[in-house]
Amino acid sequence: MKLTGFELRRVSMPLVAPFRTSFGVETERDILVARAVTPEAEGWGECVAMREPLYSPEYVDGAVDVIRRFLAPPLLDAADLHPQAVAGRLEPVKGHQMAKAALEMAVLDAWLRARGESFGTHLGAVHDRVPAGVSVGIMDTVEQLLDVVEGYLDEGYLRIKLKIRPGWDVAPVRAVRERFGDVLLQVDANAAYTLADARTLARLDGFDLLLIEQPLGEDDLRQHAELASLLRTPVCLDESIISAKAAADAIALGAARVINIKPGRVGGYLEARRIHDLCRAHGVSVWCGGMLETGLGRAANVALAALPGFVLPGDTSASGRYYDEDITPPFVLENGYVRVPDGPGLGVEPIPDVLRERTTATEWLGS
Ligand SMILES: O=C(O)CCC(=O)N[C@@H](C(=O)O)c1ccccc1
């Protein structure tokens, strides 16, 4: 497949409500969308990098720059580009997994649309719908949290993920467990704790959590392994797992019994599938994390979450969890499940008028 070019587009997506994590508050996503143009078909990619490098070292302005100067040229130079070859062509550039993932996703989507094959079929999906979990931010009060959780449970979500940080952990977890019984419940610390907090984190063992996600720093594999030996609750890693190699190291060190697979964080959906396969071989459960994606990234995540090793509900919420109006037809919850698109490629496309309205900048890279 010969690329004609990439169109880079910045899309402003205001959130329906502020989303607070241990590293900050999001009120609007400034999203980079890449469109791969080829003579046979066009494909869409979404970069999950945030506006600021607070979740990971990447940030959206940096992603645009590295794509423009270092990632797009080797792909545009390829006489016949296969999606499986994208990662290899981009390998000389160190890091920038989220930027790379956006381009690989757009190339893969174009390639699949040209062949009439869906993302799910190509990745190895075995389900036509996936159970939806929902991520709940840090709130001002426990009462406010309980109201928000009740609302999501009323909508049908099958798993609750609570953001925690020092000072907001045992009390909110206890309150949710006491109010809502044995709902599937997990917590996400976004690296807000240290090994010195082990005793506090061990108090969470009494609430039958599915997992505790990324309690320590992104580069603290050895310390996560030590913490895992002190907790009953399975430790799950997110920020630390930036590649299949990192997943292999985490598993070998006993630093993770569960892994949150986020395609953008690991460099793309093909690497995400490799991590899925690796984890299955080691009996490590995986689930699909989210980065507040539009329906484009959401479509690809839902397809990935339909692979057999994704045995835990992911952050594959309905579009309405974050956005009043998505740039694609919205993903909706049906009895707690989200349907896997079965059309060619992503199976969804942006709604032209909405995309135009939300676009704050465009740039063409190519001939
Ligand atoms: O449902 C979603 O898409 C968001 C899930 C979620 O909580 N993402 C978190 C995370 O740390 O996993 C996040 C939020 C904002 C920015 C980065 C990460």
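Start at 1 with the first residue, then count along the sequence. All ligand and atom numbering here is 1-based and tracks the order in the structure.
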Filter the ligand 1-protein atom pairs down to N or O on both sides and distance under 3.5 Å, then list them.
unit_1, atom_1, unit_2, atom_2, d
ligand 1, 1 (O), Y322, OH, 2.7
ligand 1, 3 (O), M291, N, 3.3
ligand 1, 3 (O), L292, N, 2.8
ligand 1, 7 (O), S135, OG, 2.7
ligand 1, 7 (O), K161, NZ, 3.4
ligand 1, 7 (O), K163, NZ, 3.1
ligand 1, 8 (N), G290, O, 3.0
ligand 1, 11 (O), K163, NZ, 2.9
ligand 1, 11 (O), D188, OD2, 3.3
ligand 1, 11 (O), N190, ND2, 2.6
ligand 1, 12 (O), K161, NZ, 3.3
ligand 1, 12 (O), D238, OD2, 3.4
ligand 1, 12 (O), K262, NZ, 2.8

Report yes or no: is the cationic atom of R159 (NZ for Lys, CZ for Arg) closer than 6.0 Å to the six-membered ring centre of W287, at no more than 45° off its axis? yes
Modelled atom types, side-chain donor and acceptor of S240 and Q214, under 3.5 Å: yes
For the residue pair D315 / S135, report whether a side-chain donor-acceptor contact shorter than 3.5 Å exists. no
For residues 224-233, pull every pair meeting salt bridge (charged side-chain N to carboxylate O under 4.0 Å, His left out), keeping only residues two or more places apart or in separate chains. R222-E226
Of all pairs that satisfy salt bridge (charged side-chain N to carboxylate O under 4.0 Å, His left out), the ones with a partner from residues 175-194, not counting sequence neighbours: K161-D188, K163-D188
H82: what forms a ring pair (Phe, Tyr, Trp, His ring centres under 6.0 Å) with it, not counting sequence neighbours? W111
